[in-house]
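Because the structure is a prediction, the values reported are computed rather than measured. Heavy atoms only: backbone and side chains are in, while hydrogens, waters and symmetry mates are out. We name chains A, B, ... by the order of the sequence lines, and we start the count at 1 in each one.
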Amino acid sequence: MRSLGAGRVALDMVGETVTIAGWVHRRRDLGGLIFLDVRDRSGLVQASAGPGWTAAGAMDAVRALGPEDVIRVRGIVQPRPEEARRPEMATGEIEIQVIELELLNRARTPTIPVYRAPEEELPSEKLRLRHRVLDLRRAELQESLALRHRLALETRNFFHGHGFLDIETPILTKPTPEGARDFLVPSRVHSGEFFALPQSPQLYKQLLMIAGFDRYMQIARCFRDEDLRADRQPEFTQIDVEASFVEPEDIYRWCEGLVARLAPLAGAVAEPPFARMSWDEAMERYGSDRPDLRWTLDIHDRSEVLGALDFRLLRGAVARGERIRTLQLEGGARLSRREIAALEGAARGAGAPGLLWAKILEDRATGPLGRFFRDDTRARLGLASGDLLLAAAGPDRITSPALDAVRAAAISALAIPPSTRHAWAWVTRFPVFEDVGDGALAANHHPFVQPDPADMHLLDSAPLSVRGLAYDLVYNGTELGSGSIRIHDAALQRRILAMLGLGADEIETKFGFLLDALGTGAPPHGGIALGVDRIAARFAGASSLRDVIAFPKTTAARALFEGAPTAVADEDLAALGISLRGRRDGGASG
RNA sequence: GGGGCUGUAGCUCAGUUUGGUUAGAGUGCCGGUCUGUCACACCGGAGGCCGCGGGUUCGAGUCCCGUCAGCCCCGCCA
């Protein structure tokens, strides 16, 4: 139907007759001479129609074209006149002189424009999602989805090259008590019973290890029925990896090798080995388990110096066993009161009661904290004239997130240049448990993380101090992946589940199949899952996952194009043995 | 579940602070002129449930209450 893509027409084809097919991107009608930009996935090319080379009938057809009409053009590749060349465009040196034009399909005037003038705003996201086929025709989204394809292809090739098998796991699975809410799927055959869509293939990949598959990978769709964010969709895609007889180092090596091959596909850089940092160190130095290491600015514990000042608030904090932690900003004294107040606002927004500060001037220190400085305070803190000291006092669970937020705000306010553009890091040794109050424990990650053997003696006495063989891959402050070595011992797995508050019966009902499998001779194993949507969004420079997903959901978890979810007919529910409680919307449709 | 922002022509937005005659602009669309345009240019025209419902008022795009939708955030979620 066509001889090549519109964007592939090139200068060395001058004189050739070509046939292209695509959409009318734009038409410029000069009267006797008409120019068309013809677009397909490969790009744009200008077609010109004029009486010297285009028959009268074709001329009329060109005159009648509107945007997004689908056409086929046969013509001769010609160089443009000298003064009409556009070297900045891929096909700007040439044009196709129209001999023949066929209208393949008429388009109604697009509700939202595909063509966009320079600096013209995008239509609202609501309309972009409702008219997604038009939005997807834009070069940016075409390129984002093409990037996703290249990432997926390279990923499969990489793991294939390392002996991994791509194995599919079920979409209809067993509801899990832990973690996120499940999407439930009613079983018609077993009325009153439900499948769940997988939150991840976690248990299946462990079962595959136990079954002896050694090295598994899958680009897997995952589902979590939780509220959305710009970086969270109810269905998302993971590069899911698991291997047997491995240690964390093996996983790091594979992931670093993978990322080093993926990054160049998007013009990013990843140079292994990546930085390593324990969770404790990340929280201590950056207040976050996913620190943005493009900036080296870090947090210091200044309890000793600041707690000794005649400042009741700080003395009290230290007396309670709390700490005073600071960020010291070189040149930060140039910030205005208003700008510093914005930093304080960042701290408050993250849950801190406030933020203390001191401006270091030539001969003195000012501000609510600077007023209390002693003669030697400045020297003991290593502060220089022009610096700004920001301090937060309190328990770490308050000061860490607050200083993390302040750090980001300060970097932005002072326009501190990053020391690198691509900061990759492993954050390791996450706590196995988190405190959910009243002495109850929850799994910090999931209940299958292998506790560090060195911490095993703390399991009963100080479970919150137990670190796991768990690790996150962090890129520029975004968590792109998360994994761990798993528990392969049935007794330990049972013990951990019990610590999480599950009764013996519940453990058997919910996890009996796993424990049973572990008892059949499970190899030591571990793995990781990398977020494809996040990787693609980061690499494509997209601010939202929606820009790297063909048909994403809105923040209210709706699909605007096709209109899902939707009510269903009563008879369909009846067949599933389901009746709805209370009112329901009228628009039931089968 | 909670907080914030937004909703006016097909699209992008003014107008809402301080209620007042006929709600504007750009672009797109329709018609016309135009042989080197590429945001073509020029002339003319059509196009509005001011998200929806209620209230206050002589009078509501504008004020109040409710509601729906989109986006951002907290909770939630790795």
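Ion pair A:Arg27/A:Asp37 not flagged as a salt bridge, since none of the NZ, NE, NH1 or NH2 atoms sits closer than 4.0 Å to an Asp/Glu carboxylate oxygen. Salt-bridge formation is not detected for the pair A:Asp292/A:Arg407: no Lys NZ or Arg NE/NH1/NH2 atom is positioned less than 4.0 Å from an Asp or Glu carboxylate oxygen.
Scanning atom types as modelled, no donor and acceptor separated by under 3.5 angstrom connect the side chain of A:Glu120 and the base of B:rU27. One cannot find a donor-acceptor pair under 3.5 Å joining the base of B:rG10 and the side-chain atoms of A:Arg108. A:Arg26 contributes no side-chain N or O that forms a donor-acceptor pair with the base of B:rC40 under 3.5 Å. With hydrogens and angles ignored, a donor-acceptor pair closer than 3.5 Å exists between the side chain of A:Arg232 and the base of B:rC77.
Of the candidate nucleotides B:rA39, B:rU37, B:rA78, B:rA39 has the atom nearest to the side chain of A:Ala117. Taking every side-chain heavy atom of A:Leu33 into account, B:rU35 is the closest of B:rC11, B:rU35, B:rU37. Closest to the side chain of A:Ser544, from the set B:rC77, B:rC72, B:rC38, is B:rC72. The A:Leu30 side chain lies nearest to B:rG36 when the options are B:rG36, B:rG70, B:rA78. Here the nucleotide nearest the side chain of A:Asp29, chosen from B:rC38, B:rG70, B:rC34, is B:rC34. Residue A:Ser124 places its side chain closer to B:rU12 than to any other of B:rA78, B:rU12, B:rG70.
For B:rA78, neither phosphate oxygen OP1 nor OP2 lies less than 4.0 angstrom from any side-chain nitrogen or oxygen of A:Gln238. Side-chain N/O atoms of A:Thr109 include none lying less than 4.0 angstrom from OP1 or OP2 on B:rG10. The phosphate of B:rG36 (OP1 or OP2) has no side-chain N or O of A:Ser48 nearer than 4.0 angstrom. Phosphate proximity of B:rC72 to A:Arg546: present, with a side-chain N or O under 4.0 Å from OP1 or OP2.
Going from atom CD of A:Gln78 over to atom P of B:rG36 covers 18 Å, rounded to whole Å. If you take CG of A:Leu65 and C1' of B:rC29, they are 16 Å apart, rounded to a whole angstrom. Counting to the nearest Å, the C1' atom of B:rC11 and the CD atom of A:Glu125 are 16 Å from each other. One can place CZ of A:Arg130 at 14 Å from C1' of B:rG10, the figure rounded to the nearest angstrom. Look at CZ on A:Arg229: it is 14 Å from P on B:rG2, rounded to the nearest Å. The distance from atom CZ of A:Arg28 to atom C1' of B:rU35 is 14 Å, rounded to the nearest whole Å. Separating the NE2 atom of A:His25 from the P atom of B:rA39 is a distance of 11 Å, rounded to the nearest angstrom.
Counting non-hydrogen atoms under 4.0 angstrom, A:Arg86 reaches a base of the nucleic acid. Counting any heavy atom pair closer than 4.0 Å across all strands shown, A:Pro67 reaches sugar-phosphate atoms only and no base atom. Counting non-hydrogen atoms under 4.0 angstrom, A:Gly179 reaches the backbone sugars and phosphates but no base. Nucleic acid contact for A:Asp225: none, since no nucleic acid atom lies under 4.0 Å from a heavy atom of the residue. Among the atoms of the strands shown, base atoms are found under 4.0 Å from some heavy atom of A:Arg80. In this structure, A:Leu560 reaches the sugar-phosphate backbone alone: every heavy-atom distance under 4.0 Å involves primed, P, OP1 or OP2 atoms, never a base. At a threshold of 4.0 angstrom between heavy atoms, the contacts of A:Leu228 with the nucleic acid are absent. Across all strands, A:Gln199 comes closer than 4.0 Å only to sugar-phosphate atoms, never to a base (heavy-atom distances). Among the heavy atoms of the strands lying under 4.0 Å from A:Ala556 are primed sugar atoms or P, OP1, OP2 only; no base atom is included. Note on A:Ala84: a base of the nucleic acid sits closer than 4.0 angstrom, heavy atoms only. As judged by a 4.0 angstrom heavy-atom cut-off over every strand, A:Pro81 is placed among the base-contacting residues.
Taking the six-membered ring where the residue is Trp, A:Phe430 and A:Trp279 present tilted rings, their angle falling between 30° and 60°.
Residues A:Glu95 and A:Phe35 have side chains in contact (heavy-atom distance under 4.5 Å, counting atoms from C-beta outward). Side-chain contact check for A:Gln238 versus A:Val532: every heavy-atom pair is 4.5 Å or farther apart.
B:rG20 and B:rG59 have their P atoms separated by 15 Å, given to the nearest Å. Nucleotides B:rG47 and B:rC30 are separated by 16 Å at their P atoms, to the nearest Å. Rounded to the nearest Å, the gap between the P atom of B:rA46 and that of B:rG51 is 24 Å.
With both pairing distances under 3.5 Å, B:rU21 is matched to nothing as a Watson-Crick or G-U wobble pair. Remark: B:rU16 base-pairs with no nucleotide; criterion is Watson-Crick or G-U wobble with both hydrogen-bond distances under 3.5 Å. As the counterpart of B:rC38, no nucleotide is assigned, since no Watson-Crick or G-U wobble pattern has both distances under 3.5 Å. In this structure, B:rC5 and B:rG70 make a Watson-Crick or G-U wobble pair, each of the two defining distances being under 3.5 angstrom. Summarising the base pairing, B:rG53 is matched to B:rC65 through a Watson-Crick or G-U wobble pair whose two defining distances lie under 3.5 Å.
For A:Tyr252 and A:Phe274, the ring centers sit 6.0 Å or farther from each other.
The minimum heavy-atom distance linking A:Ala347 with A:Val406 is given by the pair CB-CG2, 3.7 Å.
Both the sub-6.0 Å distance and the 45° axial angle are not jointly satisfied by A:Arg486 relative to the ring of A:Phe448.
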